[in-house]
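The structure appears right after this line, and notes come after that.
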Amino acid sequence: MLTSEISRSKASLRNVALTMIAISTALGLAACGTDGGGAATAEESGPQIGVLLPDATTARWETQDRRLLETKIKDLCAACTIEHANAKGDVATQQQQMNSLIAQGVDAILLVAVDARSLAGTVSKADEAGIPVIAYDRLAEGPIAGHVSFDGQEVGRLQGRALLKAMGDEVPGAQIVMMNGDPSDPNAVLFQEGALSVLTGKVKIGKSYETLQWRPESANMNMSGAISALGVDNIHGVYAANDGLAAGSISALRANKVSPLPPVTGQDAELAAVRRIVAGSQYMTVYKPFEPEAAAGAAMVVAAARGENLTRVAKDEVETSSGKTIPAVMLTPISVTADNIEDTLVKDGVYTVRQICTPEIAAACDTAGLT
Ligand code: GAL
């Protein structure tokens, strides 16, 4: 499509924007608190940016990404208005949110897809309407314009290596349970591949589960099933793909009186997980620095909204599901255990020692040198 055609189709789409506001409100597309409302038309304000988050199950999206993305977008573009929405894990809701943003004629969309494949159709629709879509954290399918994320296989390798280390490297006959993420999230597939590349041949994988919508309750149920099937004394390690799944697994291990608790991995550096690591019930988490990811996502979506070339803000490239090479920013994940919480999460200002060290874990904090 020619640029002039794009502006024409976007202009006509903008004409329906006001009608769509009522609909978008009903769909949970709330205006960003910092800009005084997304109801302004494009004539009154700068570029309009849509931010679509996947769920409220995993803490990071609402507690870290949303706040950081809004701040960073505003820092780069004070005139930009931001419309954000959370699909609460529902594919149809996210499709509606995409359609609503397309109908409003926003200038760019930053998308964390609930389900990469199911969203491909609306990504194509956005592309046809001349609206670039930035795939944030998860590589959405369809004609996306740019991508920001971490090396997902490396996340899995860090988890796998840490688990082996915690289990004493090669324990003869050691058996683990794998609690993988949602396979409709392409990251979950990468995490699992990375972990298996390290674990295969070193440990026996007694049970392996996929966890739809990354629900901790499902991990809890599956872990109870694994304990009944394998026996309380026969689980020597747990590969949990993220901190929510770690929490669900640990509570099942506890409820079934598995003692001592086997080492459990995680990901996302959630505050509750960091506390569990200090207290000793979770072995590690993978910290994917939120700030640089949000900064790169904001830079990319603002450039896209302004119609600028994305290669200016992207130092890497990735291949999309259709084999096209697009600009990307790929960041490096960090393995966090009790001994480097201070040098990573505290140093980066993600949490203060005070936030981590509640009275119940004060003694463990002292031991870990968190004072
Ligand atoms: C992944 C993301 C992880 C984790 C998970 C569950 O795509 O990379 O950080 O949050 O989703 O939402």
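All values below come from the heavy atoms of this structure, side chains included, with hydrogens, waters and symmetry mates left out. In each ligand, atom 1 is the first atom listed, and ligand 1 is the first ligand listed.
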Would you mind checking if [Y] and [X] are paired as a salt bridge, meaning a charged N to carboxylate O distance below 4.0 Å?
{"X": "D137", "Y": "R60", "value": "yes"}
{"X": "K74", "Y": "E70", "value": "no"}
{"X": "R157", "Y": "E154", "value": "yes"}
{"X": "R275", "Y": "E360", "value": "no"}

Report the residues that fulfil side-chain hydrogen bond (donor to acceptor under 3.5 Å, both in side chains) with E317, sequence neighbours left out, ordered by chain and then residue number.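 Testing E317 for side-chain hydrogen bond (donor to acceptor under 3.5 Å, both in side chains), a comparison that skips the adjacent residues, returns none.
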Has ligand 1 got any nitrogen or oxygen that is less than 3.5 angstrom from a nitrogen or oxygen of N242? no
Pair listing, salt bridge (charged side-chain N to carboxylate O under 4.0 Å, His left out) test, anchored in residues 250-262, at least two apart: none
Show me which atoms of ligand 1 lie under 4.0 Å from any heavy atom of T58. 6 (C), 10 (O), 12 (O)
Identify, by atom number and element, the atoms of ligand 1 in contact range of F191, meaning under 4.0 Å from any of its heavy atoms.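 Heavy-atom distances to F191 below 4.0 Å select 8 (O).
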Does only the side chain of F150 get under 4.0 Å from ligand 1, or the backbone, or both, or neither? Count heavy atoms. neither
For Y136, which part has a heavy atom under 4.0 Å from ligand 1: side chain, backbone, both, or neither?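 Within the 4.0 Å criterion, Y136 makes no contact with ligand 1.
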Test side-chain contact (heavy atoms from CB on, under 4.5 Å) applied to N180 and W214, F191, Y239, the passing residue: Y239
Pick whichever of V155, D182, L139, D137 has a heavy atom sitting closest to atom 2 (C) of ligand 1.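 Shortest heavy-atom distance from atom 2 (C) of ligand 1: D137.
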Filtering D243, D65, D268 for the heavy atom nearest atom 10 (O) of ligand 1 leaves D268
Protein heavy atom at shortest distance from atom 1 (C) of ligand 1: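 Going atom by atom, the protein heavy atom closest to atom 1 (C) of ligand 1 ends up being D185 OD2, 3.2 Å.
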For atom 11 (O) of ligand 1, what's the nearest protein heavy-atom neighbour? Residue, atom name and distance, please.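 Going atom by atom, the protein heavy atom closest to atom 11 (O) of ligand 1 ends up being R138 NH2, 2.8 Å.
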